[in-house]
Amino acid sequence: MRPRVMFRATLLMLGVTALTLAACRTTAQTPSMTAAEAIDARQKLMKEQGKAWKDIQDKTKAGQIAAIVPDAEKLASTSKQIPGLFPEGSLNPDKSLAKPEIWQKRADFDAAAKNLETWSVKLRDAAKANDAEQTQAIVKDFGRQACGTCHQPFRVPPKQQ
Amino acid sequence: MCLLVAWRAPVAAQVTPPSAAEVARGRYMFGATGGCGCHTPPKGQPNAGGRRYDGPYGTVFSSNITPDRQTGVGGWTDEQIITAIRLGRRPNGERLLPVHPYPVFNGMAEEDLRAIVAFLRTTSPVTKANQPKKLIPMFESVFLPAWLAAFAPRETPPPKAPTAGVPRGEYLIRAVAHCGECHTPRTMTMATDNSRFLAGNPKGPEDQAMPNITPDPETGIGKWSVEEIADYLGSGNKPDGDVAGGLMGEVIEGTLAGYKDLTPADRTAIAQYLKTIPPIRNKIGKPVK
């Protein structure tokens, strides 16, 4: 009898602790980001995506197919962070190229991020299989289909350097 | 197959239908214009019209250019369609606003216009009535004719379209792909300022900023190689890893065809011609509000 009660109590304690920890973690991970922080973070993320995409194109041209796996993996993971970096209230035409349509057509925007993930996974798998033909075919359309489909409706033209 | 042709012959006896090669060439030239995307609202049915354009003149909506007989151009003759494209006149004599860039398309070779019309006739008809325009008083009767006569730079058609090299690039840029409608700044009268051809426009169509694409190394694309420019037109990929968006993304992608469908030779010709135009210093910042 007693050990059983003990066991239950422990279980309950563990449960509560786990829940508290989980709650702390989520608040720690999304510390209600200020709009300025979100803009900085997403521009940094997009620059990293630009670097990875450039790398993929260069390596594909040079025939280094397997070498693009880490870059494709990187894009698959950055794509998942995109929606969270465009919180409500972070429209700022002075600092950011994000268009108001992002918040007016939120489901379409989130779908465009998901679409990048799908393309990145497809690219990674082709590269992992060292399938040069398939990889080149995906790379040919990737810019327009995976990145452009979001930049077209949701970003104003960038400043020139 | 022979049977089918024989059986079909009497029906088509009046007009010789364009060959498949002619239609394919028409699709190609249609793509070279950027896919006539102004006639397709975002995610809408290709060529069915209805996209809204506001300006100092009032509000107009693009027209249905599908071959639907009631609401599109299906009932027009080839000649009538060509006149609308290059001279901006509808069969009933009504003037089109130069939002449809007819002063530019006037520079297209006859053979290319004919091919485009042949292609348009093969596209899916969509029944969708055109929306009436709302113009400021006297715009059509007084301002527009005066403006066209005084200010609108007009291209002249070549007897035959150039087929290769820099002349081909010049022809495509100036008369077909109408790069200047977006990338050339406008004067006070809203006409394109061709003394600053392709030097960028801080507030271009749909209020977007249009970059300077003259060969100026600081404020234009002087640092891009011919190959990089040609790649960009085919893929949207910029040399720095970024990818085109906005209206440029639209013309590259096109509708039934776009810049992306241009041959490498034509994209290279465009890039080569861009390298020959005068570099103009003009920094385009963020869109002005």
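Naming: A, B, ... by sequence-line order, numbering from 1 per chain.
Counting heavy-atom neighbours within 6.0 Å of A/Glu133 CD, excluding the residue itself, gives a total of 12 or less. With a 6.0 Å radius and a threshold of 12 heavy atoms from other residues, nucleotides or ligands, B/Lys275 has its NZ atom above the threshold. Other residues, nucleotides and ligands place no more than 12 heavy atoms under 6.0 Å from the CD atom of B/Gln45. Within 6.0 Å of NZ on A/Lys140 lie no more than 12 heavy atoms contributed by other residues, nucleotides or ligands. Counting heavy-atom neighbours within 6.0 Å of B/Glu227 CD, excluding the residue itself, gives a total of 12 or less.
Side-chain contact between B/Ser235 and A/Gln57 is absent, with no heavy-atom pair separated by less than 4.5 Å. Taking 4.5 Å as the limit, some side-chain heavy atom of B/Asn237 sits within range of a side-chain heavy atom of A/Trp53. With a 4.5 Å cut-off on side-chain heavy atoms, A/Lys99 and B/Gln208 count as touching.
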Does A/His151 form a side chain to side chain contact (heavy atoms under 4.5 Å, CB included) with B/Asp242? I'd like the steps, not just the answer.
CA-CA 10 Å; A/His151 287 179; B/Asp242 200 349; 3.5 Å; yes
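Nearest heavy atoms, B/Ile252 versus A/Arg144: CG2-CD, 3.9 Å.
Chain B forms more heavy-atom pairs under 4.5 Å with one residue of A/Gly143, A/Cys147, A/Pro153, A/Cys150 than with any other, namely A/Gly143. Among the candidates B/Gly246, B/Gly234, B/Pro42, B/Ala244, the residue making the largest number of heavy-atom pairs closer than 4.5 Å to chain A is B/Gly246.
Only the side chain of B/Lys260 comes within less than 4.5 Å of a heavy atom of chain A; its backbone N, CA, C and O stay farther away.
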